[in-house]
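Have a look at the structure below before the remarks.
All figures in this text were calculated on a predicted structure; none of them were measured in a lab. Sequence positions, counted from 1, serve as the residue numbers for this chain.
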Amino acid sequence: MALKPENALKRAEELIGVRVCVGSGDWTGIGDSNWIRRAMIGGRRVGGWWWMVVYPIPYTVYPQSFLPRSLVLSFSRSRRRSLISSSCIPGSLPTYLSLDHPRPTIIPYQVNQKQNALQTLHDTITNKRHQRNWTKALEDVMYKYIDLAVEMKQARKIKDALMNYRNACQQVNVTSLGDVIAYLIEVASEKAEAASAEALAMGEGKEMGDLEAEDVSPEEMILSYVSGEKSSDRVDREVATPWFKLLWESHRNVLDVLRNNARLEGLYAVAAKRAFGFCVAYKRTTEFRRLCDILRNHLGTLIKYKDQQGRDRTDLGVPATWESYIDVRFEQLKTACTLELWAEAFRSVEDIQGLVGTPPKGIKAPKASLMATYYARLTQIFTRSEARLYNAYAWYRLFTFSRSFNKGLTQDDLVAMASNVVLSALSVLPYDRGNTAARGYDVRPHEKENSVRMAAVLGFNVDRNDRRVLLSRQALLADIERKGLLQLVPPQVKAAFSALEGDFNPLMLCQTLTPVLEGIKGLGEELKPTEACPAGESAADLAAYVPFIQQVALSRTIRQLSEVYSTMRVSSLSELAPFGWSFDESEALILDAVRHGFLQARFDHRNGTVH
């Protein structure tokens, strides 16, 4: 039978023996006798809690647990001597009463019945009488329950208790549920940190594997010993991994408890961001991918059953709810970039676009600060994936958006971002790899779909029935000139633009560009973007564009030479590109341009010529 919260908490404390009481007064005094009687009745009434009286000398003790209460309080001194059962050091028996010391000190004996205490609290929390009647005593029961369950690594029971406590709190006191969840994560984190420190003290630390992997089988354990597994590996698996697994399961269970509930939207957002922090703090890439799938599944379920009516059901048509969900997706994108999980980062970008495409009434787009961060993250993603055209458009969108909405930008910030826009556009090869439209053919269906998809990711309004090429190098360079970005960039960047997009001069193009590129390499030290710049310090890293611009210069030189010469020696061609490249690198670039229809060339290695 489930106890009331007050009684359940007292029962649990008695079962684990955590209370300390100190008695005083004369052994024969009435007050002291009443105090002893109260102590004994309290322990005897709930059962399982034994009292122990510790005294300095003599080491003569009585086993109280085997005596009736009336005898303990009423027998004479001679009778007490006759009831002596043994002489030993205090603490060796469950319960003791002092024979000679006039002022005994009573402390509880550690019964250590944690499983029974946990079950007592669990029965009270899951009792239907308390699920719609929140009280402060029930909150205290939850705190005690969490202490015991975390210590015993009972993640499933914690989830069950949280679900029942949620039912008791969501109509009355949501703050209490948030406090209990925060306490759960705090206690689990402390245990994990302590275990990690212990593992480091016992041996060399090692990165833990999958926290959701099954326990090691006996065969695998024997194989690990035979194969010479390091002791540090076993220490991590036996000491640190169970606690980190509990911490991860706590984060995951909290999200399951709070999901798709209109009253708990704030707690859900906080729990998701706290889980992101866990992944960043301990570099848990595998768990972060699972976390993204969990959040994606929650959102998918919400959208799938949006027409179903239900009490406290989350509605994305409410502006506050929509903003909360999209804030979580932006934090997810930030975490993915921090962990350098670029595929997961792009999936997060698509999640954001899915929400941006269906805004509620009264909201046209997310906050300007979030969108600036969004485009800054896109530049990182496309830089890592070497998608030069999309990277250039991401910088262009970041520049135009920041200049329109960020009033705190300095001139240095504008110069740094404008330089990135121009150089990233110049880094795009003159031919579009994989795009048949650039070679004069009809656009293939999958290419059209991919182009529309990327245009939507970059924030362009697209028409799926429009068969034109949506994003191209020529269109971007034209926008750069039309918007006046060349007036903001340093002279070295402007000189690079003029050399690549200026007059027809294949014999001097690379020679003219070489000193300009050397100046661009040192330009990053002069640019000093401030904290107001959304791209941060990466806006000053202009040297990364130099190898790509060299490739563009060589491909354009070959294209212009093909319009003038029908045959040319390989040695003469090498002299026109003084970038320190090997012949194999230059040949590979030329063949790539031929393969994509940008030019026509044929190598005659026997005669050392190019046709």
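At distances below 3.5 Å, not a single donor-acceptor pair connects side-chain atoms of R559 with backbone N or O atoms of L554. A donor-acceptor distance shorter than 3.5 angstrom exists from the side chain of T514 to the backbone of C510, with no hydrogens or angles considered. Checked by atom type and distance alone, the side chain of W243 never pairs as donor or acceptor with a backbone atom of E193 at under 3.5 Å. Counting only distance, with no hydrogens or angles, the side chain of D160 and the backbone of R156 share no donor-acceptor pair below 3.5 Å. The closest donor-acceptor contact from the side chain of R388 to the backbone of S424 lies at 3.5 Å or more, if one exists at all. Put simply, the side chain of T373 gets close to the backbone of S369: a donor and an acceptor are under 3.5 Å apart. The backbone N or O of T410 sits less than 3.5 Å from a side-chain atom of D413, completing a donor-acceptor pair.
For the pair R397 and F460, the cation-pi test (distance below 6.0 Å, angle within 45°) is passed.
Of the charged side-chain nitrogens involved, none lies within less than 4.0 Å of a carboxylate oxygen, so that D293 and R290 do not count as a salt-bridged pair. Ion pair K157/E249 not flagged as a salt bridge, since none of the NZ, NE, NH1 or NH2 atoms sits closer than 4.0 Å to an Asp/Glu carboxylate oxygen. Contact check on E501 versus R556 returns a salt bridge, with a Lys/Arg side-chain nitrogen under 4.0 Å from an Asp/Glu carboxylate oxygen.
Residues forming a side chain to side chain donor-acceptor pair (under 3.5 Å) with R263 (at least two apart in sequence, or on another chain): Q171, D312.
Between the side chains of T383 and N391, at least one donor N or O lies within less than 3.5 Å of an accepting N or O. In summary, the side chains of S176 and Y165 do present a donor paired with an acceptor at a separation below 3.5 Å, with no hydrogens or angles considered. Judged by distance alone, the side chains of Y545 and Q550 never bring a donor and an acceptor atom under 3.5 Å apart. Remark: the S348 side chain and the Q332 side chain contain an N/O donor-acceptor pair separated by less than 3.5 Å.
Note: E350 CD to R329 CZ = 13.5 Å, rounded to the nearest 0.5 Å. Note that CG of L333 and CD1 of I381 are 5.5 Å apart. Values are rounded to the nearest 0.5 Å. Annotation: the span from L258 atom CG to M163 atom CE amounts to 10.5 Å, rounded to 0.5 Å.
By the 4.5 Å heavy-atom criterion applied to side chains, V254 and K159 are not counted as neighbours.
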Set out, in order, the CA-CA distance, both residues' side-chain angles and the distance that settles side-chain hydrogen bond (donor to acceptor under 3.5 Å, both in side chains) for Y431 and D592, then state yes or no. CA-CA 10 Å; Y431 53 90; D592 183 66; 2.6 Å; yes
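Between F278 and W248, the ring planes are parallel. Angles under 30° get that label, and only those over 60° would be called perpendicular. Note: Y268 and H298 have tilted aromatic rings, judged against thresholds of 30 and 60 degrees for the angle between ring planes. Between F401 and F405, the two ring planes are tilted [angle within 30° to 60°].
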